[in-house]
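Structure first, commentary second.
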Number of protein chains: 2
Amino acid sequence: MYNADEAAGAPTAIICEKIWLAIAERRLRPGTRLKEEQLAEIFSVSRARIRQALTALERDGLVTIMPNRGAFVSEPSVDEARDVFVARRAIEQRVVERLCERANPKDIVRLRGHIEEERIAGHSGNLSDIVRLSGGFHLLLAELSGSAFLFGILRDLVSRTSLITAMYRSNHLHNCGPDEHLAVVEHIASRDVASAIKEMAEHLNHVEAELDLDEEKDQPRDLRTALL
Amino acid sequence: MYNADEAAGAPTAIICEKIWLAIAERRLRPGTRLKEEQLAEIFSVSRARIRQALTALERDGLVTIMPNRGAFVSEPSVDEARDVFVARRAIEQRVVERLCERANPKDIVRLRGHIEEERIAGHSGNLSDIVRLSGGFHLLLAELSGSAFLFGILRDLVSRTSLITAMYRSNHLHNCGPDEHLAVVEHIASRDVASAIKEMAEHLNHVEAELDLDEEKDQPRDLRTALL
DNA sequence: GACTACAAAATTGTAGACAATATTGTGTAC
DNA sequence: GTACACAATATTGTCTACAATTTTGTAGTC
């Protein structure tokens with residue numbers, strides 16, 4: 001999705017992409033078992049290729065592989081969910097900093113265009129587009145910051161955020177609305193570093209606050225803790 | 001090494017470990033080709049296992065796999081090297097923040113003990129120990145911060161730093177001396193968040209400054225740029 | 001009747017064989 | 001003598017069959 005170009009030539013990436021999207025769109029729930037042979041049949045590929053995809057997804061934190069047990073859609077703990085946001089605030093602060101220094105008018109145009117797409121998708125209600133674009137905004141910021149490395153880290157963090165959102169989002173979601181995105185961009189456009197950083201931090205706080213992270217302090221991951 | 005316990009039962013991790021150490025100790029230079037069959041013979045394992053190890057090392061940024069071409073020890077660019085330090089400053093700031101809040105006396109003792117080990121290794125001149133311990137300090141901070149996730153990110157960043165250090169370190173290294181580590185710990189011990197953050201930032205700046213990152217703006221990665 | 005030990009089924013892990021691709025060397029034509 | 005095309009070699013990529021492990025079902029015994 002955010003690497004659709006690479007995916008075109010790489011069959012493994014296509015598998016990852018589809019599984020990722022299924023997770024992000026909640027069609028695959030956290031905890032779901034992912035049998036290799038079953039996936040191999042579904043995608044009409046060899047089991048070896050499925051294994052590649054699963055290990056790739058594991059490194060992105062989307063699936064958890066238990067040795068000799070199989071692969072499952074990850075169930076990030078509340079603590080991990082919070083940690084992801086800690087990391088995102090840390091990384092995206094630097095992204096915004098860099099962007100305030102380096103952003104040229106063309107970048108701003110592109111960012112505004114992206115936000116417009118988000119708005120359209122929001123109205124149309126296409127969940128697939130909404131999920132992709134809302135994370136895509138943050139990735140676009142990282143890309144325009146000119147740091148391929150920060151982009152890579154954020155790509156990972158955004159993926160995990162998708163899973164976390166799918167797992168913990170409350171019913172009353174307005175899910176990463178484009179308004180706050182626009183505010184960040186406008187601060188960047190006017191080279192107001194402090195405001196841009198603050199806006200981004202608040203935005204991430206809002207996204208985190210909308211999740212049901214406070215209520216059940218630690219969800220029943222174990223059967224033992226779930227039943228006893 | 002930093003996951004020696006996991007490595008014990010996982011043959012793949014052992015391979016990764018050894019290759020990692022060889023890179024960090026400069027026995028394997030950046031750009032070195034890593035032939036699968038050759039590695040398979042050296043470690044007396046199947047080629048499939050070597051492939052697993054290589055893909056794992058690729059995700060850590062230590063080796064670069066070019067499709068149908070093979071695996072090479074990565075040659076991080078100057079820009080990427082700088083980015084790694086940007087990311088480390090961002091992440092480790094948060095680590096230190098958390099640690100100032102949560103650190104208990106036992107943690108401080110453990111940190112001081114680690115620094116003592118670093119000092120001893122520094123005197124003995126055991127390169128393997130020095131490399132392991134100097135990165136290990138930062139990982140220990142992350143571990144004690146109580147965030148498994150931040151630990152994971154930093155593990156990745158520290159690995160990359162090792163490669164970068166091996167590639168770009170100037171001749172006059174004092175390489176991440178224990179003195180600055182101790183300063184950070186003492187600030188944490190006295191719950192002085194601002195000073196701890198500042199000390200850590202300066203420490204990372206020093207480590208970065210000791211590298212030959214300014215001189216050759218972009219090293220000859222391509223043959224074209226190298227020879228023409 | 002319940003618990004333990006054993007056996008069978010299913011699923012993952014591993015390895016070896018085969019196919020595809022890139023590189024290098026050689027030969028021929030101009 | 002040089003350049004291009006073709007073939008040979010070496011190396012990676014992929015698939016299929018086999019081994020190991022776990023889980024589930026069953027029978028026997030206390």
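Here the structure is a predicted model, which is why all the values come from computation and not from measurement. Chain letters run A, B, ... following the sequence lines, proteins first, then strands; residues in each count from 1.
Of the two residues near DNA chain D, A:R49 and B:R33, the one whose nearest nucleotide lies more 5' is B:R33.
By the 30° and 60° cut-offs, the orientation of the rings of A:F137 relative to A:H114 is tilted. In this pair, B:H138 and B:H203 present their aromatic rings parallel. The plane angle is below 30°, not in the 30 to 60° band.
Within 4.0 Å (heavy atoms only), B:R51 reaches at least one base atom of the nucleic acid.
Atom C1' of nucleotide C:dT11 and atom CD1 of A:I50 are separated by 15 Å, given to the nearest angstrom. Atom NZ of A:K35 is separated from atom P of D:dT22 by 18 Å (rounded to the nearest Å). Rounding to whole angstrom units, CG of residue A:L54 and C1' of C:dG13 are separated by 13 Å. Counting to the nearest Å, the P atom of C:dA10 and the CD atom of A:E37 are 10 Å from each other. Atom P of nucleotide D:dT12 and atom CD of B:E58 are separated by 14 Å, given to the nearest angstrom. Taking atom CD of A:Q52 as the reference point, atom P of C:dT12 lies 16 Å away to the nearest angstrom. Rounded to whole angstrom, the span from the CD atom of B:E36 across to the P atom of C:dT14 amounts to 16 Å.
Between B:R132 and B:D129, at least one side-chain nitrogen of the basic residue sits less than 4.0 Å from a carboxylate oxygen of the acidic one, meeting the salt-bridge criterion. B:R169 has no carboxylate O lying under 4.0 Å from a charged side-chain N of B:E210, or vice versa, which leaves the two without a salt bridge.
With A:S74 contributing its side chain and A:G61 its backbone, the two residues share a donor-acceptor pair below 3.5 Å.
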Sugar-phosphate or base contact per nucleotide [nucleotides 17-24 of chain C; S, B, -; heavy atom under 4.0 Å]: B---SSS-

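More than 12 heavy atoms of other residues, nucleotides or ligands shown are found within 6.0 angstrom of CZ on A:R27.
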